[in-house]
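The sequence lines fix the lettering, A, B, ..., with proteins before strands; numbering per chain opens at 1.
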2 protein chains.
Amino acid sequence: MVKERVTVIDIARAAGVSKSTVSLVLQGSSLVNEATRAKVNAAIRDLGYVYNRGAANLRQAKSKIIGIVVNDLTNSFFAELAVGVDAVVQSAGFVQFLANTGEKIERQREVVASMREHGVSGLIVSPARGTEATDLAPLVESGIPVVLVVRDIAGAEVSSLTSDNHAGAMAAVRHLIERGHQRIAFLGGFPDTAVFEARMRGYRDALIEAGLPVSEALIIGSAPSRAGGVTAVEQAMMLADRPTAALCFNDAVAFGVCDGLRARRLEPGADFAVIGFDDVIEAKTAVPALTTVSVDPQGMGQRAAELLLKQIKAGKAEPEAIVGSVRLVVRQSCGAAVERKREVLA
Amino acid sequence: MVKERVTVIDIARAAGVSKSTVSLVLQGSSLVNEATRAKVNAAIRDLGYVYNRGAANLRQAKSKIIGIVVNDLTNSFFAELAVGVDAVVQSAGFVQFLANTGEKIERQREVVASMREHGVSGLIVSPARGTEATDLAPLVESGIPVVLVVRDIAGAEVSSLTSDNHAGAMAAVRHLIERGHQRIAFLGGFPDTAVFEARMRGYRDALIEAGLPVSEALIIGSAPSRAGGVTAVEQAMMLADRPTAALCFNDAVAFGVCDGLRARRLEPGADFAVIGFDDVIEAKTAVPALTTVSVDPQGMGQRAAELLLKQIKAGKAEPEAIVGSVRLVVRQSCGAAVERKREVLA
DNA sequence: TGACGAAATTGGAACGTTCCAATTATGAAA
DNA sequence: TTTCATAATTGGAACGTTCCAATTTCGTCA
């Protein structure tokens, strides 16, 4: 049942040439005569030969595999990121190892080690919370190109691709201020991450710029998920002096915030302005359509993959830190759209 | 900068043993003396050795890689499926190639070929629309275990793991009927898929069982996405004799349907009953919480991975077709919960 | 002390490819 | 015809591991 593996030697025999010639054909060398090439290709088809990349790698020490490790594939931001990476990586003839760490640093260590053993020629990592530069050291020492996405790590000598979180947050808050909001909350996210830090600073700076007070009570962390958004907005609405708008840590939180508002009979967009961050695919089709700071996760994945492939090709490239620009896309959830009845306002 | 690769020979030299012994300790053989093992392990640490799985595979023709191909990672159903697979595969010491076909059959052909070349020892595939048994033939001939998930393919001699779509749809529609609905729509999904077919038949059968008429006008296909849900419900609401409830092809469609209802100032759950299919993670936290037929995508991924690993271990297993049971989880979107004011009803 | 079985270790071939250096075939110029 | 450059082809070593059969070491018992 399980048939013998057919190798390059078998086709050499079938085509009446040497294995070296077959190898040449396989890699599309121009050295081989047209007629021979045809014979060899015919034999390949007839015998149902499948190329053994493992054996090839062994000889050339150059695999066509890249690894990508994300914290939470369940979050569409990362799913889209992975799709973006996959797209460019596939069309470059590479294939991707995808691993999910669930934000667990131990898991991350394991999968990175496993990927090294499999000989990936590059790695795209969205580091788990708490990852340190030393965790990446063995990787960079061994000369494997690494591109950090989403979160940068201080002191790590690898390339990174982040987004201008500070500017994005500022733009969002400015927009809310222009619309007349004075009490604006910052909801969701883990406070001990660099991304939180940057977005929150953008939020503060915009308030300060406008001469508005910054109240610590209005900065409410939570898990960066839909559920986290629900709890964060609940907490915000228990405040004596309630906010009328919120910038959320990310879109997932923003959707949760909308859910939480509805649970209190408040209509997001009409009774309370909500702005998200990331511009996940559903942001556009949600009701109300989510105003959000577009990070373009899929595009980010693509750029990360391109950067990585470039470094792989170059052998050893200098690490570069790219911070992608970001833009506010105004939709309905910040109150831009239709006027709504307000009688429900508690 | 790029350091020389250190191999088992280097360790052998450093530890003063032969490469065979090193190989033995690498695979945890009980044949080697405790003291030697310690020496070897020390050398491994000191020299920073990394195991070369490629070389090992070459010799043993048994990789620790499985492939998983999905149609749309952007859909959380598939993302969760992948996470489920990843979890069990990782803890079995395997690593997964993940590829996204975007429902394109050509892409699927490419990635499957590429995975074969990389020597995956098994494949989990959620086949793109239009995949035929013959597409999988070379794979099964070569003895690589394949597990089909979500969609089965007639005539393909491989295992499959689907869910009892017919029963799930019937349960959902029965529930709507019990609540007094008479005009119930079936919204979303591509009509030319087996999954659509099964769910739709369940829908029909439940209506027939209750002696209700089946109207073709109430069966409205669309892309199985949020956007598709919006358009499907729009179409449904233009009917002269509007439905008062809908069973949706999947949760994504159901969310879209909710969006579409809101756009018409109807409150899902209160003014119109909506039931989804899949029980994606957000179903629970959405507002209103989505009543849905739970397929447990993550669990499904786990079971698929377990089945595949079993077959890999067994060498060659008889194909088995598992259809997972499914249960209706009643939440708010079908009108189960709080009574709401109805004045908005157009 | 010798013999013997068990425990531990070992050298070399093999896995399927690529690459190098070397060889042979081809055709044009002399 | 001979000569030479060029085009095609080739055998064999190498990549880093595992596995087999063979060998060495050891402890125990007669």
Side-chain angles (χ1 to χ4, degrees), chain A residues 2-41 43-44 47-65 93 114 116-121 142, chain B residues 2-41 43-44 47-65 93 114 116-121 142:
Chain A
V2 181
K3 55 162 91 164
E4 282 304 296
R5 212 188 225 311
V6 9
T7 79
V8 87
I9 307 222
D10 298 316
I11 33 184
R13 200 159 14 230
V17 298
S18 77
K19 61 177 171 35
S20 302
T21 306
V22 177
S23 173
L24 254 14
V25 173
L26 250 20
Q27 28 201 327
S29 162
S30 62
L31 281 178
V32 20
N33 183 294
E34 208 40 64
T36 345
R37 182 194 309 282
K39 261 193 308 185
V40 170
N41 281 327
I44 287 180
L47 303 195
Y49 167 74
V50 353
Y51 185 71
N52 184 334
R53 256 170 223 285
N57 292 345
L58 184 53
R59 187 69 235 269
Q60 357 180 81
K62 210 91 192 104
S63 81
K64 289 286 213 170
I65 307 177
S114 165
R116 271 188 84 185
E117 293 185 353
H118 279 97
V120 296
S121 42
S142 67
Chain B
V2 182
K3 53 162 94 164
E4 282 303 297
R5 215 188 224 308
V6 11
T7 79
V8 311
I9 308 224
D10 299 315
I11 326 254
R13 200 157 16 226
V17 297
S18 77
K19 63 179 170 33
S20 305
T21 306
V22 177
S23 172
L24 255 13
V25 338
L26 248 20
Q27 31 203 322
S29 163
S30 62
L31 281 178
V32 23
N33 183 292
E34 208 40 64
T36 349
R37 183 193 310 282
K39 261 193 309 185
V40 170
N41 281 327
I44 287 180
L47 303 195
Y49 167 75
V50 351
Y51 185 71
N52 183 335
R53 257 170 222 284
N57 291 346
L58 184 54
R59 188 69 235 271
Q60 358 180 81
K62 211 83 192 121
S63 81
K64 289 287 213 169
I65 308 177
S114 164
R116 272 188 85 186
E117 293 186 352
H118 278 98
V120 296
S121 41
S142 67

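- If you measure from atom CZ of A:Arg37 to atom C1' of D:dA7, you get 13 Å, rounded to the nearest angstrom.
- C:dT24 atom P lies 19 Å from atom CG of A:Asn33, rounded to whole Å.
- In this structure, B:Lys64 places its NZ atom 17 Å from P of D:dT17, rounding to the nearest Å.
- The CD-P distance, from A:Glu34 to D:dA7, rounds to 15 Å in whole Å.
- Between the side chain of A:Ser121 and the backbone N or O of A:Lys64 there is no donor-acceptor pair closer than 3.5 Å.
- For the side-chain hydrogen bond (donor to acceptor under 3.5 Å, both in side chains) test, no residue two or more places apart in sequence or in another chain qualifies with A:Ser63.
- The phosphate of C:dT17 (OP1 or OP2) has no side-chain N or O of A:Gln27 nearer than 4.0 angstrom.
- Remark: the B:Ser18 side chain and the B:Thr21 side chain contain an N/O donor-acceptor pair separated by less than 3.5 Å.
- The shortest distance between the side-chain N/O atoms of B:Gln60 and the OP1/OP2 oxygens of C:dC15 is not below 4.0 Å.
- No side-chain heavy atom of B:Thr7 sits less than 4.5 Å from a side-chain heavy atom of B:Lys19.
- Listed pair A:Thr36 / D:dT9 meets the phosphate criterion, a side-chain N or O lying under 4.0 Å from OP1 or OP2.
- Distances shown here put a side-chain N or O of B:Ser18 below 4.0 Å from the OP1 or OP2 atom of C:dT10.
- To the nearest angstrom, C1' of C:dC15 lies 11 Å from CG of B:Asn57.
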Evaluate the side chain to side chain contact (heavy atoms under 4.5 Å, CB included) criterion for residues A:Ile65 and B:His118: first the C-alpha distance (whole Å), next the side-chain angles of each, then the deciding distance (0.1 Å), finally the verdict.
CA-CA 9 Å; A:Ile65 307 177; B:His118 278 98; 3.7 Å; yes
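- Taking side-chain N and O atoms only, A:Thr21 has no distance below 4.0 Å to OP1 or OP2 of D:dT9.
- At whole-Å resolution of the value, CD1 in A:Ile9 and P in C:dA14 are 12 Å apart.
- A straight line from CZ of B:Arg13 to P of C:dT9 spans 19 Å, rounded to a whole angstrom.
- Counting atom types as modelled, B:Arg59 pairs a side-chain N or O with a base atom of D:dT18 as donor and acceptor under 3.5 Å.
- The distance between atom CG of A:Leu58 and atom P of D:dT18, rounded to the nearest whole Å, is 12 Å.
- Look at B:Ser23 and you'll find a side-chain N or O under 4.0 angstrom from OP1 or OP2 of D:dT18.
- For B:Asn52, whose side chain is taken as the heavy atoms from C-beta onward, the closest listed nucleotide among D:dT17, C:dT9, D:dG12 is D:dT17.
- Among the atoms of the strands shown, base atoms are found under 4.0 Å from some heavy atom of B:Ser20.
- Among the nucleotides D:dT17, C:dT17, D:dT9, the one closest to any side-chain atom of B:Val8 is D:dT17.
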